[in-house]
Amino acid sequence: MLMWGDFKYAARMLIKSPAFSLVAIVTLALGIGANTAIFSVVEGTLLRPLPFANASRLVRLYEAVDDNGSRGSTLNLSEQTFRQWREFGGNIFEGVASAAGTNVTVGAISNNPARSVAAARISANFFSVVGLPPALGRAFTEGEDIEGGPKVVIISDDFWRQQLNGRADVLGTTISIDGNLHTIIGVMPKMFRHPYRANLWLPLALPANSPTQGTNHYLYGVGHLRKGLTIAQAGEAVRRMCATINQARPDPNNARAAYMPPLRESFVMDLRPKILVIVIAALCVLLIAAANFAGLLLTRVIEHEGEFSLRRALGASWRRLVRQQLMQGLVLAMLGTLCGLFLASWITPALVAMSPEGADATGSAMREFDYAVRLDWPLFGFATAVMFLVGLGFGFLPAIHASRIDLRGAMNVGSRSATLDRSTRRLLGSFVIVELAVACALLMASLTAAQYFRKLVNESWGFETEHRLMFYTTFSERLFPNVTARQQGIERVLAELRSIPGVLAATASEPSPMTSPRNLISCNPEGAPPPEPRGFHLAYLRTIPPGYFKTVGHPLLQGRDFADSDTCIVSKACAQRFWPGQNPIGKRVKWGRLDGPRPWFTVVGIVGDMKAIADPRDGEVVGMIARPLTQMLAIASNLVDEMTFILQTNNNAVTEAAIRDALARADSRLAAYQIISLDQASADSRTTERFILVLVSLFGILGLILAAVGLYGLLSLQVARREREFGIRSALGATAAQLIQLVSRQGASLLGLGFMVGGFGTWGIIRLVRSQWSGLPTPNMLAWFFGAVALCLAAGIACWLPARRASRVDPVIALRAE
Amino acid sequence: MIRLHNVERSYPLGRGQLFYVLRDIDLDISQGDFVSVMGPSGAGKSTLLHILGMHDHGWTGEYFFDETATHHLKAKERASLRNEKIGFVFQQYHLLDDLTVYENLDIPLSYRHYSKSERTALVGDALDRFQIVGKKDLYPRQLSGGQQQLVGVARAIIAQPKLLLADEPTGNLHSSQGEEIMKLFRKLNEEGMTIVQVTHSEKNASYGKRIVQLRDGWIV
């Protein structure tokens, strides 16, 4: 009953002071809304369990090239390793499955034209290993997972609904994939697109005896650990298994150990530090909002000192006063949380739309499952926890203050001090210092993020992006069964593209010039011992026809273009790393291990360096090695599947339709997808960093505004409380400027302390995040300077209004208490 | 020294009506005078004092101070004139709570741009003259009411004004303390300072040289 009375009283008091209530609610709504929205993303990406029955025992399988199985030297599985581990790993794994990503061309379906669709080739046991059967139909059988096996396909729920209108009799019907009719045997559950964001799943159907089966590491591997085995035990068992395999079938390409993170962990490990940065920024905003809220409540207590004294005089216990004040804080927190949830429901879709889909392999992986940001129980739980933390936690200090007000003093208005007492000033000041300090740290972070992003964007790609278009086309083995057919197909496409009006030149590349890290090649320079323990260097491999560098405007620094086989062109960094101080032209590079079967390439040219794309292997990769397309098709045609075509155009725009027509003229079975200018691709290439920058900057601005509001609130209270003092000072001869100076000096000292504490805080946060993310940029002098300027400007505005009010205090009114 | 002619002060009551606090005030105060303004509550005593002290600007009429027509001056010029020539003593003392006695005395000087050494000398003189040297590091709350008013008077005259305005200077003091303050006023007046005080007390008024009676805004 008493609680209800307190609640009613709190509600009445808040209605009576709409301005105070509004500021408090908006402050909390901003803090809680921002944090709830971020939590929804964190919950969806980092916390939500995988929708697999075997989720807790699933591990991602990487082949380690050293005995330790450490993360730094790992590769995807080769066909050989996959087969060996399936054969020998029966006592470690319930099952080992693998998959490879690809794009396939799906033929026209009713009104939908032929299109390129993301697909995954999976081993027959893939769905049973992860523990998620198709929602309709069945998974592949071992008999279907063989070279030249039946043409069967499993489709995604999206594909079924969007392309096939969700027809009930879908099972057993056929669709054309890369020119061959495939029978649909299953439909996967809604939202499931794993791996590679696939819409179609085809049998992996590994070739029986591929020449590159031991050296081509392209398979995504997943293992289902036997019950009772820990990851550490399994890792040790795999190491023993590798030794056994090596004894039974000695081969330098055999794996030595496995790196096996939990499957879920493998998707988020690279994303975690980046999300951590955003979470810290959001928590900073919450802290500022909460400190602001506490300051507002304390201000309110101070303004109602007389009332609290009266209540004490009438017999209210301090517990009762605390409870009454806490109830007020809680009611405000509830309203703030409700508004925050509304705000979050509005912000979250925008956050997801802005988040880096596809740009970050690990980040986008989580979207392959039942990933949808939604307002669900965990989210409500989080918001409620924040509400109680802020409402009760931050409302507690003002409540305690209310219960300790001097009985005799506060009731006598005449005897009230013209200024706040020292402890109250300290408490209020400390709230503002915390706010300013956190805002300072946030500002530093957003300015540093801006600098880092600017540096990334301004860093030259190493080639021209202006007046260049690119698109992808899949040259699958099914459409082009031999090297000659594929080579002729690529040449026909290039010839047709060159005939488009406005096209100055056309070339092809694998991979796209914007995504260097997709293809890594192992190599060793002539005359140098291989690096231990791995036995080879890593370089980005680029497969291109002659004339590529000229078409994309990539400068040839030394030597010549390709003219014959067994040649390569290397980037400047690569040449300097391999042959420092020597002329690299004529030197040789061995593909793979020095004792391996792969050929030597002679360096015929040196090109400028390319912008490296953020990759966990950064620093390990020595540079780029370019190889002639014709020769790579001949010796490793499976590596040249998806081709990127690049067009150099004049100022006249080349339309998408013109490109599609040219492709249709070259081969009607081919489809162009992701037609985009290199300028645009360049702008899109930093979505993860841009996402972080935008969020951290928004939080920085929000924090700055909230901190300024906090400072304004404190100074306003001080000025209101000191009105009489300013009147006296004015009567004693103080000019307006002197009074403004007086108030501003107080603001400046708080600002100085806030900046100092914020500086140490920033340093601490950087150290914390750096332990997770070594590539984290650190603030430089420019960031400190502009951070200080921004903070001073915000604080200046926050000081100016109360200071001006102080300078306008009419001594006659202020002294009328006479 | 001071000449008021037809000075009126009013406040709007709404619908074009005015409430007059002071009506048709004509008053001359000579150099060295000691005037006590008396009258019942609401008679306009404090308003008159604030007009004389140039705190109030919303009046009409003419106000000459040392032959300067203050009614023609801008607010800034009046403030400057006030700072130079007028000191105030208040009933509530109005010492600044967070400043020591020394700092309270220093405040008016700092607003008048005295140099540090001049300020030190003048504050030292005042502390000595009012025999409060021992209290210089105390805060107002550590002083008795009489001591606080003593500091208030010291602060009012430290910048050597020509005119001292006092609004009920003994209103919050018990009789012996009030008497001391009034004796101090008389002494200051004898030394040449012009004083105008507002008081309810006949006894205090007797310390002055003449009395101005106000009733309902009129001088009677």
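Note that the coordinates shown come from a computational prediction; the quantities given were computed from them, not determined experimentally. A, B, ... follow the sequence lines: proteins, then strands. Residue 1 opens every chain.
- Looking at B:Ser110, the atoms closer than 4.5 Å to chain A (heavy atoms on both sides) all sit in the backbone: N, CA, C or O.
- Nearest heavy atoms, B:Leu99 versus A:Arg729: CD1-NH2, 3.9 Å.
- Crowding of B:Asp216 atom CG: a count of heavy atoms from other residues, nucleotides or ligands under 6.0 Å not exceeding 12.
- Around atom CD of B:Glu191, more than 12 heavy atoms belonging to other residues, nucleotides or ligands sit under 6.0 Å away.
- Proximity to chain A is absent for every atom of B:Ile51, based on heavy atoms less than 4.5 angstrom apart.
- B:Gln92 has its side chain out of reach of A:Ile728: every pair of non-hydrogen atoms, C-beta onward, lies at least 4.5 Å apart.
- Separating the CG atom in A:Leu732 from the CZ atom in B:Arg82 is a distance of 9.5 Å, to the nearest 0.5 Å.
- Looking at B:Arg155, only its side chain comes within 4.5 Å of chain A, counting heavy atoms on both sides.
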